[in-house]
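Let me begin by presenting the structure, written as structure tokens, before commenting on it.
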Amino acid sequence: MNVYQNPYNVAKMKEAHKLLTELTYEKQPLKMGYANRTLHINVSENTITSKPVTQEMKDVFTGGRGFDMKLLWDATNENTKWDSPENEIVIAAGAMGGITQYPGAGKSIVCGISPLTGAPVDSNVGGYFGPYLKFSGWDAIEVQGIAEKDIIIFIDGDAGKIQIFEAPEEDVNSHLLAEQMCDMFAKNEQEKKAIATVSAGVAAEHSFFGCLNFSFYDRRRQVARLKQAGRGGLGTLFRHKKIKGIVCKFSQLQADSNHVADLDRIKEIAADYHRELYEEDDKQCDMRHVGTAHLVELMNDYDLLPTHNYKFGRHDKAQKITSHVWREMFTQGIPDGCWYGCTMQCAKSVDRYTLRTGPYKGDIVSVDGPEYETAAAFGANMGIFDPHFIVEANFYCDTYGIDTISWGTGMSFVMECYENGIINKEITGGYDLSFGRGEEAIEMLHKMARGEGFGKIIGLGIRRMKKLFVEEYGADAAFLQDIGMECKGMEYSEYVTKESLAMQGGYGLALKGAQHDEAWLIFMDMVNNQIPTFEDKAEALHYFPMFRTWFGLQGLCKLPWNDVEPADNGETDEPAKVPKHLQNYVDLFNAITGNNIDQQELILQSERVYNFQRVFNLRLGFGTRKHDEIPYRSAGPVTNEEYLSREERYDKQLKEKYGWDPTGKSVDERRLKMRFFREEAYQKLCDAVYDRRGWDNNGVPTIEKITELGLANSGVMEVLKKYYQ
Amino acid sequence: MKVLVWDKTKCIGCGICENVCSQTWFKEENREKSRIKIITSESGLDCNVCNQCGECIDVCPVEALNRDAQGIVRLDANACVGCMSCVGFCPSASMFFAPKEPIPFKCISCGVCVKSCPTGALTLEERPEPLERVFYRRHF
């Protein structure tokens, strides 16, 4: 239970509510994973409407992210910007979402046109909202428009009622709002688990990378905990619409709330998987005790841990933030799944943490995480190897509604700019923002929350900061382009990709920007050398992005797929695909929906949505080859300092891989030669991947491919014709 | 607390205990739905039944598993959401599930099998209650 020095008053909040509109609807049971209708809410006009889900929509878009993208496409046009009223936040769970039996089946997928990139973005998040929304009768919710004053949307799935009301008194920051919603809408402590809230925070109002928090009530800790839809600024969009919270109440969860086709089959698959997790996790990733933070030492060992804005891949102080530290700080022995039945339970928490800074200084709170990305970004990339700083900044990023990845990578960029004299104390407001300066960094976060000073500048994100630094402070644009770790406007997540060409493509060719959720190929490529040729890499950059897109179509988490593997997985033909778990997903989908797909059809379901999203990018003026360009630091050493840190490796590569003798050459010469070869390799990779995906040399899906996928409707063809004239 | 104990030297593998158990709790003679399993293999007979260790209590996400006043670990069917976590994480694999039953089930030391066993292979024996392993009660 959190302890606050300034307790809130829910009764006073309720008194201040002003009901704007409400809708009573007839509840109807789900049919094999689908509610078969979606909810549309316009907060400008205060309208609430129901839309049917057609069989064609299911056949083409499957669900989850597919439904999101289809609804968003229909609601917007080629001129829609992120802050246009017609832009939407769309949330869906997917057909498999909400089954309690198989781990990782409670994800919500959120989409919208991104404040950070200007293009459609998707973000996959835990917490109870998506499944509760579906069990309340809705496969997806679209929220369109911009409210006049701060509002809360309340979906009561028990009563079959939806309300929009002005809510002037509730907090905006998520750790408070999520608890306030539990206190407001649950009858008693027991019922708090029936309340799920989507919220952002005050810093989301002053940055372009605001995140959304999805709550789940932890009955043992008695805390409303938070999972983040972090990427792409959806929290910024949420607050731009003046929404404080979207709340869903559903208290009737049962083993078969999805009304699946074959529950017995699901139980068999699930029991087997839980047993595998029980037997293997301690020997493999130890997700159940340290969550994704186990990756810190692994990445450091393989020279992949982003350090000082991705200059290096390891650091002598890394052991200060490795998993043994988190194992101690995380409370052990409590179910930590962010949805029922997830025994992987990676949603770890630092409990009874006393805040040291900011508006809640002295409060005692549970802090969700840190996960690997946050520990790597705040610890190694910013050079602050202090677990308490990481936990403190993690808490404030979450409650302020800030994406830890974009903030961490953005701060790392700022720190390198500071050390290079591009910015100075005069510009930062008197703060030394060198690598390692934790106190100053956290102050930047609080300033961002208040919309003040240089903290707000950091909230612009790297792409906009680069422009500002060039225009206002005379920075070298080419150097900033090289070291600013963003692609398509989205900050990189936390892996060093210099030695893995396939992973450079994993980031650069991802639809929404530099996120690793489409493909994580570093070990296949760099460590195990399983995909040596361009064609091999292109095949991996086709298969894995398609396969991993499927998690988003279904409301699934990626982690149970390969963060534990069957004991004999290494003996299979394609261990990287984890064949047994892949087949589990096919069997589960069929058991839920009553369909009869196979592994090929699974990929095809994703290909439809993936290509549709690429066309959606094109519709908004993105999605071509030039948008897949990556900063050079992602591909190789930008500076002599970086070259020298791996001199032996680079010299050897120049000689043996590229046939160029580095003997007697200056560091500048060698670095530039390396750059020539690596940039050329990235272009060749793009050629191979586009070809494999059925796209032209400019990265545009061909008419043939679109037709083959059944997407050749009038809207899509209209967009493509512009590129094929 | 009383724990069901099986004596290998007395069991003849007749299966009466399984039938009686499923009849008692599911109103049908169906060994798949028994809370005690007598297993026949090449190495002879074996038995799988809950020893009331309570490891499953900490695994349950909805606190549907608890010890009753007698120390027996019981599943609250109204609270259970059928997630199967306890099935996978039971150290002795003694939490069972069966077709057409949405939620798992386990032995609660009711003793009907003891009374029906023709050879006296099953007994309810008093055992010390294990140390409470529920961490959160210490922390929160």
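Below, chains carry the letters A, B, ... as their sequence lines are ordered, and counting in each starts from 1. Heavy-atom basis, side chains included; hydrogens, waters and symmetry copies ignored.
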Any A/Pro335 side-chain heavy atom under 4.5 Å of B/Val59 side chain: no
Any side-chain heavy atom of B/Pro102 within less than 4.5 Å of one from A/Gln254? no
Under 4.5 Å from any heavy atom of chain B - which part of A/Ile266: neither
Segment of A/Leu253 engaging chain B (4.5 angstrom heavy-atom cut-off): both
Reported [atom1]-to-[atom2] distance for the pair [X] and [Y], which is rounded to 0.5 angstrom:
{"X": "A/Thr100", "Y": "B/Ile103", "atom1": "OG1", "atom2": "CD1", "result": "11.0 Å"}
{"X": "B/Met84", "Y": "A/Lys267", "atom1": "CE", "atom2": "NZ", "result": "6.5 Å"}
{"X": "B/Phe89", "Y": "A/Arg288", "atom1": "CZ", "atom2": "CZ", "result": "4.0 Å"}
{"X": "B/Cys90", "Y": "A/Tyr278", "atom1": "SG", "atom2": "OH", "result": "7.5 Å"}

Picking from B/Cys86, B/Gly82, B/Cys83, which has the most non-hydrogen pairs under 4.5 angstrom with chain A? B/Cys83
I need the residue from B/Ala93, B/Pro104, B/Cys80, B/Ala79 with the largest number of non-hydrogen atom pairs under 4.5 Å to chain A. B/Ala93
Under the rule for side chain to side chain contact (heavy atoms under 4.5 Å, CB included), what residues qualify as partners of A/Arg327, not counting sequence neighbours? A/Asp286, A/His289, A/Val290, A/Gln332
When only heavy atoms count and the cut-off is under 4.5 Å, which of residues 10-19 of chain B reach chain A? none
At a 4.5 Å cut-off on heavy atoms, which part of B/Ala98 comes close to chain A: side chain, backbone, both, or neither? backbone
Please say whether more than 12 non-hydrogen atoms of neighbouring residues, nucleotides or ligands are located less than 6.0 Å from NZ in A/Lys31. no
Is it true that, when you exclude A/Gln190 itself, more than 12 heavy atoms of the residues, nucleotides or ligands shown sit nearer than 6.0 Å to its CD? no
Can you list the steps and then say if A/Asp264 with B/Lys100 is a side-chain contact (heavy atoms from CB on, under 4.5 Å)? CA-CA 7 Å; A/Asp264 290 341; B/Lys100 310 297 174 202; 3.9 Å; yes
Applying salt bridge (charged side-chain N to carboxylate O under 4.0 Å, His left out) as the test, list every pair that has at least one member in residues 75-90 of chain B; sequence neighbours left out. none
Sub-4.5 Å heavy-atom contacts with chain B: which residues of residues 340-350 of chain A show up? A/Tyr340, A/Gly341, A/Thr343
